[in-house]
Amino acid sequence: MPNQSLRQSELDSLQYIASMTNELVQMAEAGRFPMISYLLGMAYAEAFDVLRGARPTRHAQLSGNPMHAKVHAKENRAQPRTA
């Protein structure tokens with residue numbers, strides 16, 4: 001059963017991510033890069049699971065991405081005052 005809680009643009013993004021990561025997995029396997037293949041396979045599995053509704057969506061919870069916290073930390077810094 002497809003995930004009904006996602007907007008069409010989110011479904012489209014997940015389908016694209018799943019498709020691209022699947023292709024990249026095949027490239028990594030052909031190139032004999034097992035760790036890259038494994039990590040890309042995990043990304044594919046996550047995207048596919050969210051698409052089919054096997055995993056809950058995490059719109060508000062982006063803490064799984066370590067880069068996300070760094071971006072927001074930069075945005076939340078105090079701005080210098082101008083006189």
_Can you tell me if M20 has over 12 outside heavy atoms packed within less than 6.0 Å of its CE?_
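More than 12 heavy atoms, drawn from other residues, nucleotides or ligands, come within 6.0 Å of this atom.
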
Spatial distance of atom [atom1] ([X]) from atom [atom2] ([Y]) [nearest 0.5 Å]:
{"X": "L40", "Y": "M27", "atom1": "CG", "atom2": "CE", "value": "9.5 Å"}
{"X": "E10", "Y": "L14", "atom1": "CD", "atom2": "CG", "value": "7.5 Å"}
{"X": "I17", "Y": "E46", "atom1": "CD1", "atom2": "CD", "value": "10.5 Å"}

*asked:* Contact between L24 and I36 at the side-chain level, heavy atoms closer than 4.5 Å - yes or no?
replied: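 SC-SC contact between L24 and I36 ruled out.
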
*Could you list all the side-chain hydrogen bond (donor to acceptor under 3.5 Å, both in side chains) pairs where at least one residue sits in residues 23-43, not counting sequence neighbours?*
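Qualifying pairs, neighbours excluded: E29-S37.
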
*Is the side chain of S13 donor-acceptor paired with the backbone N or O of S9 at a distance under 3.5 Å, no angle test?*
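Between the backbone of S9 and the side chain of S13 there is a qualifying donor-acceptor contact (under 3.5 Å).
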
*Look at the side-chain heavy atoms of Ile, Leu, Val, Met, Phe, Trp and Tyr, link any pair under 4.5 Å apart, and say whether L39 and V25 land in one connected group.*
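No, because L39 and V25 fall into different hydrophobic clusters, even though each may have its own neighbours under 4.5 Å.
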
